[in-house]
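Each remark here refers to the structure printed beneath this line.
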Protein chains: 2
Amino acid sequence: MEKQEIVEKQKTMKDCSSKILAVRDALEIFSGKWKFPIIGALIHLQESGFKELQRMVGDITPKMLSKELKELEMNHLVKRTVLDTRPVTVIYSITEYGKTTQNIMYSLYEWGTKHREKIKEDMK
Amino acid sequence: MEKQEIVEKQKTMKDCSSKILAVRDALEIFSGKWKFPIIGALIHLQESGFKELQRMVGDITPKMLSKELKELEMNHLVKRTVLDTRPVTVIYSITEYGKTTQNIMYSLYEWGTKHREKIKEDMK
DNA sequence: TATACCAGTATCCTATAGGATACCATTAAT
DNA sequence: ATTAATGGTATCCTATAGGATACTGGTATA
């Protein structure tokens, strides 16, 4: 490699690795099997109770749902509201900040859909 | 709830849960800490050797890199080419199918960047 | 001749993700 | 009176993600 080439390459490398760091930051927030499904459900439903959310997300256990919701709340993506009824009503909803994940959600949904179609094709 | 309302709700639920399934399909492919960083690096670099890729992705161990690359290869997102030089040269590159993940990659990158900025703001 | 690069593999280890199951108090419906 | 729904918590368990460290055989470089 020539000197000039090497300098170019190193610039590319730095540029790339800083982008990767941003991706890793995002992934940390959305880590695990259930964060995106939960966010997706809440975006779609606007708001939901615990059990309803559990049914919607699929086969998540209450333990996991509870844990994931706490993490999402900590990161200000989800809001938990307790209404003083009897028995208490709890409402989970997506925050404005949570809504900023819509691009990710949609691109995941879109890719997943196409991927499923592709798998079907490949099996023929 | 009135009958009409219930019917509406059930439609919403079905609609939503099928979307969530697509998201879960996608997540299965990209599971773990390293798939997106690796794909991101390969999109950016076009092609790369093993060690170069390792440096680029960050602090991934060779064991994990090797494992993740195999999974990505199995899912046709990454291609491994061995050149018959001595010692052998191995080139990892992104496939055309791999490039279909660009929307996801970009939205993750974008969100991660903004999120990092937000965290900085919040700390002030 | 010692050191360093390449592309990984092998071995060992631990934390935790995540499932299964049971349970709680409260209230409304049958 | 019993069943079911609500919003979870408690306990137990296992698989595996993923880190740390060492190593290999071949080559080229200092």
Side-chain angles (χ1 to χ4, degrees), chain A residues 1 6 9-10 13 20 23-24 27-39 41-42 45 47-75 78-93, chain B residues 1-3 6 9-10 13 20 23-24 27-39 41-42 45 47-75 78-93:
Chain A
M1 255 192 260
I6 292 176
K9 184 105 197 177
Q10 283 175 345
M13 303 278 277
I20 288 178
V23 170
R24 288 180 61 189
L27 289 176
E28 208 168 307
I29 305 291
F30 303 114
S31 68
K33 195 173 169 181
W34 298 113
K35 301 265 171 32
F36 280 121
I38 292 169
I39 293 173
L42 285 178
L45 292 174
E47 57 177 51
S48 171
F50 187 89
K51 292 284 183 187
E52 185 188 14
L53 193 50
Q54 186 183 355
R55 261 166 286 155
M56 179 66 31
V57 171
D59 24 52
I60 190 171
T61 60
K63 190 189 88 175
M64 285 310 292
L65 181 55
S66 171
K67 185 192 153 216
E68 301 288 85
L69 280 170
K70 275 171 192 159
E71 292 180 30
L72 290 171
E73 225 190 313
M74 273 177 30
N75 288 309
V78 161
K79 190 173 142 210
R80 180 177 183 270
T81 311
V82 181
L83 299 185
D84 193 13
T85 55
R86 6 200 70 239
V88 287
T89 309
V90 178
I91 297 170
Y92 288 97
S93 55
Chain B
M1 254 193 263
E2 283 179 55
K3 212 166 176 180
I6 293 176
K9 184 106 195 176
Q10 285 175 344
M13 304 278 278
I20 288 177
V23 170
R24 289 180 60 190
L27 290 176
E28 209 168 308
I29 305 291
F30 304 114
S31 67
K33 194 174 171 181
W34 297 113
K35 301 265 171 36
F36 280 120
I38 292 169
I39 293 173
L42 285 178
L45 293 174
E47 58 177 49
S48 171
F50 188 88
K51 289 287 179 186
E52 186 188 14
L53 194 50
Q54 188 184 353
R55 262 166 302 184
M56 179 67 40
V57 170
D59 24 52
I60 189 171
T61 59
K63 190 189 87 175
M64 286 310 292
L65 181 55
S66 170
K67 186 193 152 215
E68 301 288 86
L69 281 170
K70 274 171 193 159
E71 291 179 31
L72 290 171
E73 225 190 312
M74 273 178 28
N75 288 309
V78 162
K79 191 174 142 208
R80 180 178 183 269
T81 311
V82 181
L83 299 186
D84 192 13
T85 54
R86 8 199 70 236
V88 288
T89 309
V90 178
I91 297 169
Y92 289 96
S93 54

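Here is the naming used below: chain letters follow the sequence lines, and residue numbers restart at 1 for every chain. Any value given below was found using the heavy atoms of this structure, including those in side chains, with hydrogens, waters and symmetry copies removed.
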Can you see which heavy atom on [X] is nearest to which on [Y], and at what distance?
X     : Y     : value
B/D59 : B/W34 : OD1-CH2, 3.6 Å
B/K33 : A/R24 : CE-NH2, 4.2 Å
A/Y92 : A/L53 : CB-CD2, 4.4 Å
B/L27 : A/P37 : CD1-CD, 3.7 Å
A/L45 : A/M56 : CD1-CG, 4.1 Å
B/Q54 : B/P62 : NE2-CD, 3.4 Å

Gap between atoms [atom1] and [atom2], on [X] and [N] respectively (whole Å):
X     : N      : atom1 : atom2 : answer
B/E28 : D/dT16 : CD    : C1'   : 15 Å
B/L53 : C/dG8  : CG    : C1'   : 13 Å
A/K51 : D/dG8  : NZ    : P     : 10 Å
B/E52 : C/dC6  : CD    : P     : 9 Å
A/L27 : D/dA17 : CG    : P     : 16 Å
A/D84 : C/dT26 : CG    : P     : 15 Å
A/E73 : D/dG8  : CD    : C1'   : 13 Å
B/E47 : C/dC6  : CD    : P     : 15 Å

message: At less than 4.0 Å, is any side-chain N or O atom of B/Y92 found next to OP1 or OP2 of C/dG8? Yes or no.
response: yes
- request: Kindly say if B/R55 contacts the phosphate of C/dC5, meaning a side-chain N or O under 4.0 Å from OP1 or OP2.
  value: no
task: Could you walk me through whether B/L42 and B/L72 pass side chain to side chain contact (heavy atoms under 4.5 Å, CB included), step by step?
output: CA-CA 12 Å; B/L42 285 178; B/L72 290 171; 5.9 Å; no
message: Assess the residue pair B/K67 and B/K63 against the criterion (side chain to side chain contact (heavy atoms under 4.5 Å, CB included)); give the C-alpha distance rounded to whole Å, side-chain angles, the decisive distance to 0.1 Å, and a yes or no.
response: CA-CA 6 Å; B/K67 186 193 152 215; B/K63 190 189 87 175; 5.7 Å; no
- prompt: Of the residues in residues 29-37 of chain B, which ones touch DNA chain D at a heavy-atom distance under 4.0 Å?
  reply: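 The answer is B/G32, B/K33, B/W34.
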message: So if I take residues 58-72 of chain B and measure heavy-atom distances to DNA chain D, which residues fall below 4.0 Å?
response: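 When residues 58-72 of chain B is checked for heavy atoms under 4.0 Å from DNA chain D, the hits, listed by number, are B/K63, B/M64, B/K67.
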task: Answer yes or no: is there a donor N or O on one side and an acceptor on the other, between the side chain of A/T85 and the main chain of A/T89, under 3.5 Å?
output: yes
Protein N or O to nucleotides 24-30 of chain D N or O, pairs below 3.5 Å:
from, atom 1, to, atom 2, distance (Å)
D/dT27, OP1, B/R86, NH1, 2.9

query: For A/E28, does the CD atom sit with more than 12 other heavy atoms under 6.0 Å from it, leaving out its own atoms?
result: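 No, not enclosed.
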message: Which label fits B/F36 and B/F30: parallel for a plane angle under 30°, tilted from 30 to 60°, or perpendicular past 60°?
response: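 The arrangement is parallel - the two ring planes meet at less than 30°.
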